[in-house]
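Because the structure is a prediction, the values reported are computed rather than measured. Computation of the quantities below employed the complete heavy-atom set of this structure, encompassing side-chain atoms and omitting hydrogens, waters and symmetry-equivalent molecules. Note that ligands are numbered from 1 as they come in the structure, with each ligand's atoms numbered from 1 the same way.
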Amino acid sequence: MFGWLKNNKETQEINDESAVIRVIGDRGSGKTAYMASMAYWPNANPDSPVQSIIPINDEANELIAQAQNILEQGLQLEPTDLDASVMDVKDYTLSITLKDRFAVFRSQMLKLNISCKDYAGEFFSDLIHKVGDSRLEDYLEDCLEATGILFLLDGTTHRKDSEYANGLDKFLMALDRSDLDGKHRRIALVMTKCEQSELWINRHKPKELAMKRFPQVHRKLQTWSQTTGGEVSYFTTSAFGMLGNQFPEPNAKKLSRDRNGTTSVIKNPRRWRPFGLVAPIYWLCTGQHHKELVKG
Ligand SMILES: Nc1nc2c(ncn2[C@@H]2O[C@H](COP(=O)(O)OP(=O)(O)OP(=O)(O)O)[C@@H](O)[C@H]2O)c(=O)[nH]1
Ligand SMILES: [Mg+2]
């Protein structure tokens with residue numbers, strides 16, 4: 001009976017999970033678009049488990065302004081500057097509330113509180129090309145605070161697999177200097193721009209897609225996980241999403257496509273609905289997968 005009482009008391013509670021996150025990835029991999037689209041959360045799907053995404057600090061409000069003033073106007077975001085000092089990198093704080101109707105036995109709202117730094121892609125190329133650079137060292141030091149790493153890869157840059165594996169190798173070595181007081185770090189490998197048809201058709205099999213498109217990166221991450229006990233998981237996402245239901249097409253107007261990836265703007269901003277943005281965040285915060293979040 002007391003157990004029941006205890007459970008009943010819990011029904012009024014909101015569960016909080018949190019994560020300190022760093023977003024890393026090559027120039028143009030879609031880091032800022034990912035963050036801005038998540039903060040703005042345009043045309044929310046009523047069936048999505050996400051109830052609300054609320055900006056907690058001024059920086060997060062700036063992200064929303066970028067989504068409205070740039071992406072929603074059909075324009076391209078500027079590349080993010082690599083700030084001279086890592087202290088100047090913006091730390092976006094967001095609170096994501098999930099609806100309770102997916103809980104079976106008790107009403108349980110879940111709140112994901114994240115603080116997330118979006119580094120410039122130059123950080124990632126510095127990892128590959130520079131050694132012993134003091135600014136790079138500061139950035140790496142800053143990453144050690146993170147409980148979760150969002151590693152974004154433009155899904156159309158598979159030809160750069162070995163470069164990414166090389167950068168990742170250096171990153172993981174630096175990461176292993178700290179052990180988070182015995183807790184294990186999580187790395188979410190997120191393939192972006194998955195509204196592109198060759199990625200879209202495999203969006204439900206992110207691990208297989210990563211193995212096929214980025215075999216060296218995948219191997220590095222698996223080895224890291226096995227040797228350090230850190231956790232790795234794979235995700236597919238699009239900050240722009242699709243248009244139409246029966247014969248869906250990318251809601252993206254391609255500007256260029258080469259070895260370095262795809263640049264685009266949103267084709268129809270009024271019907272802009274990203275997919276898969278919160279699923280990796282949920283996993284970074286809880287260590288669990290949420291089937292419904294993968295859809296929208
Ligand atoms: N098709 C498509 N293009 C995208 C998506 N997300 C971002 N882009 C495009 O990819 C390019 C780079 O996006 P950004 O978000 O600026 O990339 P970034 O990783 O922040 O780049 P840096 O700040 O230079 O490191 C731009 O042309 C975006 O419009 C997406 O989901 N789909
Ligand atoms: Mg950026």
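Here Glu198 pairs with Arg257 in a salt bridge; the nearest charged N to carboxylate O distance falls below 4.0 Å. Ion pairing between Asp154 and Lys193 holds under the 4.0 Å rule for side-chain N and carboxylate O.
At least one heavy atom of Gln196 sits under 4.0 Å from some atom of ligand 1. Ligand 1 is approached by Thr262 to a heavy-atom distance shorter than 4.0 Å. Residue contacts with ligand 1 do not include Gly25, since none of its heavy atoms lies under 4.0 Å from the ligand. Within the 4.0 Å heavy-atom cutoff, Val265 does not count among the residues contacting ligand 1.
Of the protein's non-hydrogen atoms, the one nearest atom 31 (O) of ligand 1 is Ala239 N, 2.8 Å. The protein heavy atom nearest to atom 21 (O) of ligand 1 is Gly28 N, 3.0 Å. Closest protein heavy atom to atom 30 (C) of ligand 1: Lys193 CG, 3.6 Å.
Between the side chains of Thr156 and Thr262, at least one donor N or O lies within less than 3.5 Å of an accepting N or O. Under the 3.5 Å distance criterion, with hydrogens and angles disregarded, a donor-acceptor pair is assigned to the side chains of Asp142 and Tyr119.
In this structure, OG1 of Thr32 and OG1 of Thr80 enclose an angle of 90° at the Mg ion (ligand 2), rounded to 10°.
Of the heavy atoms in Gln76, only side-chain atoms (C-beta onward) come closer than 4.0 Å to ligand 1. Contacts between Ala252 and ligand 1, counted as non-hydrogen atom pairs separated by less than 4.0 Å, involve the side chain only. When heavy-atom distances to ligand 1 are checked against a 4.0 Å cut-off, Glu195 comes that close only through its side chain, counted from C-beta outward.
Between His290 and Tyr282, the angle of the ring planes goes over 60°, which puts this pair in the perpendicular group of the 30/60° scheme.
In this structure, Arg270 places its CZ atom where only 12 or fewer heavy-atom neighbours from other residues, nucleotides or ligands lie under 6.0 Å away.
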